[in-house]
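See below for the structure under consideration.
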Amino acid sequence: MKEIISNIVKEVLKAKELPEVNFSLEPPKNKAFGDFSVNAALVLAKSTGRNPRELAGEIAEELKKKSRYFSKVEVAGAGFINMTLNETIYTGVLNDILEKGEKYGRNDLNKGKKANLEWVSANPTGPLHAGHGRQVCLGKAIANLLEWSGYEVTREYYYNDAGNQMNNLAKSVYARYMQIIDPSFPFPEDGYHGEYIKEYAQSIFDEKSDTLKNSDNIDFFKEYAEKKNFERIKKTLETLGIKHDVFFSETELYRNKDIEKLLSDFREKGASREEEGAVWLNMDRKRFQKDKVIVKSTGEPTYRLPDMAYHINKIKRGYDYIIDIFGSDHGDTYKEVLYGIETAGYDVKNIKVIIHQMVTFRSGNESVRMSKRSDNVYYLDDLITDVGADATQFFFVMRAANTHLDFDIELAKEQSDKNPVYYLQYAHARICGIFRNAAENFNEDIKVKDFNSGLLTEPEAVDLLKVLSRFPDEVESVTAALEPHKIITYLNQTAEAFHKFYHNNRVLNADDLETTKARLKLCEAVRTVLRNGFNIIGITAPERM
RNA sequence: GCGCCCGUAGCUCAGUCGGAUAGAGCAACAGCCUUCUAAGCUGUGGGUCGGACGUUCGAAUCGUCCCGGGCGUACCA
């Protein structure tokens with residue numbers, strides 16, 4: 001819809017021999033100003049030195065001639081041109097929604113293109129904790145959005161299984177195992193304290209008795225714990241309907257020599273140097289405070305080097321769009337990684353990094369601690385159990401990634417109108433209720449193909465149609481910005497428009513079958529848009545509440 | 001200290017590539033159920049958009065400085 005109007009404005013500017021400019025065309029905040037507002041005259045006033053109101057008047061005159069589209073065009077304020085669309089345009093939208101159904105809102109702007117989204121990527125040192133949830137849920141929604149815009153999406157999970165962390169994990173399980181045999185066995189200082197470590201140790205002991213007490217068997221503990229941890233992580237993700245296509249292990253980059261090759265590339269280009277027994281990557285001092293170690297003096301790479309090699313690997317796999325989601329604790333380090341990739345001679349322009357801020361949890365007025373040190377970790381599984389998968393997904397996606405998120409567990413748990421997720425779901429359930437009732441007394445009217453959309457003239461119905469017509473534009477812009485929280489903002493507006501319509505207009509009316517038919521079709525369209533939106537953010541569409 | 005992010009109604013937050021009277025939910029107050037689910041609707045109150053200065057016809061939005069909070073500033077990841 002927006003595109004159509006935008007093109008009309010462009011045509012008019014061209015016809016008036018005005019220079020091409022970037023104007024903004026938006027539905028104005030205030031409904032009284034019509035359906036779309038364009039600031040073209042204000043923008044042009046600057047470059048042409050003309051009076052903006054005068055210029056706006058001339059453009060408006062031309063637009064008025066397009067009466068097929070506009071019922072009203074007027075100049076307002078400093079030189080805005082406000083346009084009100086013909087209502088018949090919107091009834092066309094209704095047919096469009098009914099015809100496209102679950103495809104309504106999809107576009108093929110990126111048809112034939114491949115995107116790779118890497119997220120979660122938690123190392124398998126333990127179960128996902130509640131804080132991971134933000135990234136988990138954001139990524140799910142973003143992957144869906146990319147698909148809605150035509151991308152073929154590879155969902156990928158990268159994990160470091162070669163570094164220190166996994167050794168600590170192995171030592172921790174080993175220590176717990178040994179403690180079963182000898183309670184005085186020391187626990188490593190930087191070991192993992194979670195209950196799950198004890199469980200693993202116990203089940204190993206149950207199976208193998210004390211046959212593994214020799215510390216040479218440490219690799220067994222590592223592999224066992226890694227396998228168990230991944231089982232748990234995957235199960236948690238599954239609860240939220242997430243399935244990664246690729247699990248990429250750091251070890252693979254050693255096996256296939258990618259890391260070795262990258263290191264020699266750096267050396268040949270003179271981009272790295274050896275000093276104090278370590279290998280340093282020479283950084284651009286304008287952008288970075290100091291050079292960074294890529295291989296420790298122990299001969300072990302720091303996480304940066306495999307990260308760079310991993311991204312080069314992704315680039316070589318030929319994606320049109322490579323997206324990473326990281327927490328703000330990686331806010332600086334990803335820049336180093338990108339710099340390394342560039343230095344090695346690869347283009348990073350198709351790589352986009354989304355940084356999300358940290359989450360704090362509270363229950364009403366009480367803050368919930370997320371200490372990693374203690375045994376008392378609040379796991380993502382716990383959160384899902386407490387508030388449900390829908391509320392989990394909704395609350396994590398509800399806010400812009402780049403702001404701190406305050407997750408109120410008590411509110412998410414609340415089964416009432418206080419909980420924002422129900423406002424949306426209730427709209428859907430209400431529509432399903434109407435159709436249940438219609439099935440009894442108006443069954444034939446549900447099925448009809450022909451209906452008179454001209455009967456949908458009530459202000460609430462027209463407003464509702466206008467909101468529904470925006471859905472494809474929203475999907476498009478939200479995908480471009482990779483900001484799924486805006487889908488929720490939009491769905492709220494949709495639900496609001498529906499609730500108002502419902503309140504003021506009875507759908508099923510035996511005395512007026514024609515209006516009943518038309519309103520049923522409108523409800524059908526609302527239900528379609530809600531379901532499609534729910535699908536993107538990953539919540540269910542309940543039929544009853 | 002330096003770098004990145006954030007600061008909008010009592011609370012949680014939208015709005016931020018400059019645009020019209022700054023919005024929503026919750027909380028408060030006042031109404032609406034003999035009719036498709038009141039998990040809804042209608043109305044009222046509530047704001048120095050952290051502060052100051054600057055750019056502009058126009059600033060919550062851009063720039064500089066300051067204040068407050070988060071994250072980073074490792075031969076951890």
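Order of the sequence lines sets the chain letters (A, B, ...), proteins ahead of strands, with each chain counted from 1.
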Mind checking if [X] touches a base, just sugar-phosphate, or nothing, with heavy atoms under 4.0 Å?
| X | value |
| --- | --- |
| A/Lys292 | nothing |
| A/Tyr502 | base |
| A/Ala400 | sugar-phosphate |
| A/Arg362 | sugar-phosphate |
| A/Ala427 | nothing |
| A/Thr360 | nothing |
| A/Thr489 | sugar-phosphate |
| A/His404 | base |
| A/Asn82 | base |

Just confirming the chi classification of B/C6, syn or anti, using 90° around 0 as the syn window.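 B/C6: anti glycosidic orientation.
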
Check every atom of [options] against the side chain of [X] and return the nucleotide holding the closest atom.
| X | options | result |
| --- | --- | --- |
| A/His503 | B/C75, B/C36, B/G40 | B/G40 |
| A/Asp332 | B/C5, B/G3, B/G19 | B/G3 |
| A/Lys335 | B/C75, B/C11, B/C4 | B/C4 |
| A/Thr302 | B/G3, B/C36, B/A77 | B/A77 |
| A/Asn123 | B/G40, B/A77, B/C36 | B/A77 |
| A/Asp406 | B/G3, B/U12, B/C75 | B/U12 |
| A/Lys418 | B/C41, B/C26, B/C75 | B/C26 |

Rounded to whole Å, the NZ-P distance (A/Lys486 to B/U16) equals 6 Å

note: A/Glu26, atom CD; B/A20, atom C1'; distance rounded to Å ~ 14 Å

Is there a Watson-Crick or G-U wobble partner for [N] with both distances under 3.5 Å, and which nucleotide is it?
| N | result |
| --- | --- |
| B/C32 | B/G40 |
| B/U56 | none |
| B/G23 | B/C13 |
| B/A74 | none |

On the nucleotide [N], are OP1 or OP2 found under 4.0 Å from the side-chain N or O atoms that [X] carries?
| X | N | value |
| --- | --- | --- |
| A/Lys290 | B/A74 | yes |
| A/Asn509 | B/C36 | no |
| A/Tyr334 | B/C71 | no |

Answer with yes or no whether A/Tyr303 presents, from its side chain, a donor or acceptor under 3.5 Å of a partner atom in the base of B/A77.
yes

Between A/Arg399 and A/Arg134, the two heavy atoms sitting closest are O-NH2, 4.0 Å

